[in-house]
Amino acid sequence: MLTDTDATLLRRAISLAAEARARGDRPFAAVIAGADGAVLAEAGSMQGASGAGTLAHSEMNALGSVLAAGVPRRVLRAGTMYSSGEPCAMCAAAAFYAGIGRVVYGLSAQAILHLRNAQAHTAGLALSCRAVLETAAEHVEVVGPCLEDEAAIPHQGYWTTGAA
């Protein structure tokens, strides 16, 4: 279930995704918030103009920030990671290992693949965020896709420009 706080923070992630695209990076972003909705970290993708490389997904960047800041696991366990797009298998696993208790995402992986006009050999790992986190030793709630029309806006035209 998407709460008003969830919608506000997911929209923040979508806004940050648009900022990432504007600076020449891929149009993805993530926000990590505590149980009270206070933002603990936020980050955009750094894949592209930022030159940080293939592992610089927005979720990895935000998780790295909260871990570097020493945010206690109990806080992360009660918190939520908001992603503008469905986290990939790497990012979903990283959320679990960092201690995130809940993931809320906007655009589904299937919708992203459709926008990318991806072929099977370029689609990456075919594991959904939910499928990865269903195997976790501790339960991680997954909510999504949510606000997909809004989450698609930063992607519009991006994948056809050759920027990817």
Side-chain angles (χ1 to χ4, degrees), residues 1-23 25-48 50-109 111-112 124-125 127-155:
M1 170 179 265
L2 196 67
T3 67
D4 289 342
T5 299
D6 290 336
T8 297
L9 291 168
L10 183 54
R11 285 187 173 108
R12 175 65 183 152
I14 294 166
S15 174
L16 290 168
E19 290 177 23
R21 179 186 175 160
R23 70 171 177 267
D25 291 312
R26 287 189 170 187
F28 296 98
V31 173
I32 298 174
D36 61 356
V39 173
L40 303 172
E42 55 184 32
S45 170
M46 295 183 74
Q47 293 180 280
S50 294
T54 59
L55 298 181
H57 293 198
S58 56
E59 297 90 347
M60 299 297 281
N61 297 336
L63 289 166
S65 292
V66 293
L67 295 175
V71 176
R73 187 174 177 86
R74 66 179 164 67
V75 172
L76 296 175
R77 192 75 191 121
T80 301
M81 181 172 72
Y82 298 90
S83 298
S84 61
E86 183 174 355
C88 70
M90 173 183 72
C91 293
F96 165 73
Y97 284 113
I100 297 292
R102 187 167 175 259
V103 173
V104 175
Y105 66 87
L107 201 56
S108 71
I112 294 165
L125 296 174
L127 288 172
S128 71
C129 171
R130 189 169 274 106
V132 170
L133 292 173
E134 283 175 349
T135 69
E138 290 181 86
H139 175 73
V140 178
E141 181 182 358
V142 178
V143 179
C146 304
L147 309 176
E148 276 200 290
D149 290 342
E150 293 176 48
I153 292 170
H155 295 266

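Index from 1, following the sequence. When reading the values below, keep in mind they use all heavy atoms of this one structure, side chains included, and skip hydrogens, waters and symmetry mates.
Judged as a side-chain hydrogen bond (donor to acceptor under 3.5 Å, both in side chains), and not counting sequence neighbours, Ser15 has no contacts. Every residue two or more places apart in sequence or in another chain was checked for a side chain to side chain contact (heavy atoms under 4.5 Å, CB included) with Thr8, and none qualifies. With sequence neighbours left out, the side-chain hydrogen bond (donor to acceptor under 3.5 Å, both in side chains) criterion links Tyr105 to no other residue. Every residue meeting the side chain to side chain contact (heavy atoms under 4.5 Å, CB included) condition with Arg73, not counting sequence neighbours, appears here in chain and number order: Glu138. Annotation: side chain to side chain contact (heavy atoms under 4.5 Å, CB included) contacts of Arg11 (sequence neighbours excluded): Ala7, Leu147, Glu150. Under the ring pair (Phe, Tyr, Trp, His ring centres under 6.0 Å) criterion, Phe28 pairs with His155, sequence neighbours left out. Taking the side chain to side chain contact (heavy atoms under 4.5 Å, CB included) definition, one finds that Thr5 meets it with Thr3, Leu9, sequence neighbours left out.
To the nearest 0.5 angstrom, Ser84 atom OG is 8.0 Å from Leu10 atom CG.
Residues Ala41 and Ala62 come closest through the heavy atom pair CB-O, 3.7 Å. Minimum interatomic distance between Ser58 and Ser45 (heavy atoms only, all atoms of both residues): CB-N, 3.6 Å. In terms of heavy atoms, Met81 sits closest to Cys91 at CE-O, 4.5 Å. The minimum heavy-atom distance linking Ala13 with Ser83 is given by the pair CB-C, 4.4 Å. Heavy-atom minimum distance, Cys129 versus Val142: SG-CG1, 4.2 Å.
Counting only residues at least two apart or on different chains, no ring-ring contact (aromatic ring centres under 6.0 Å, His included) pair has a member in residues 69-94. Residue pairs meeting the salt bridge (Lys or Arg N to Asp or Glu O under 4.0 Å) criterion with at least one partner in residues 89-98, sequence neighbours excluded, are absent. Applying the salt bridge (Lys or Arg N to Asp or Glu O under 4.0 Å) test to residues at least two apart or on different chains, none of the pairs has a partner in residues 86-96.
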Without placing hydrogens or testing angles, list every side-chain donor-acceptor pair under 3.5 Å for residues 29-38, not counting sequence neighbours.
residue : atom : partner : partner atom : Å
Asp36   : OD1  : Ala38   : N            : 2.9

Side-chain atoms of residues 92-100: list all donor-acceptor pairs with protein atoms under 3.5 Å, sequence neighbours left out, distances to 0.1 Å.
none

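Under the 3.5 Å distance criterion, the side-chain polar atoms of Glu148 are matched with a main-chain donor or acceptor of Ser108. No side-chain donor-acceptor contact under 3.5 Å links Asn61 to the backbone of Ala43.
For the pair Val103/Val143, no side-chain contact is recorded, criterion being any heavy-atom separation below 4.5 Å from C-beta on.
Looking only at atom types and distance, the side chain of Thr80 has a donor-acceptor partner in the side chain of Arg102 under 3.5 Å away.
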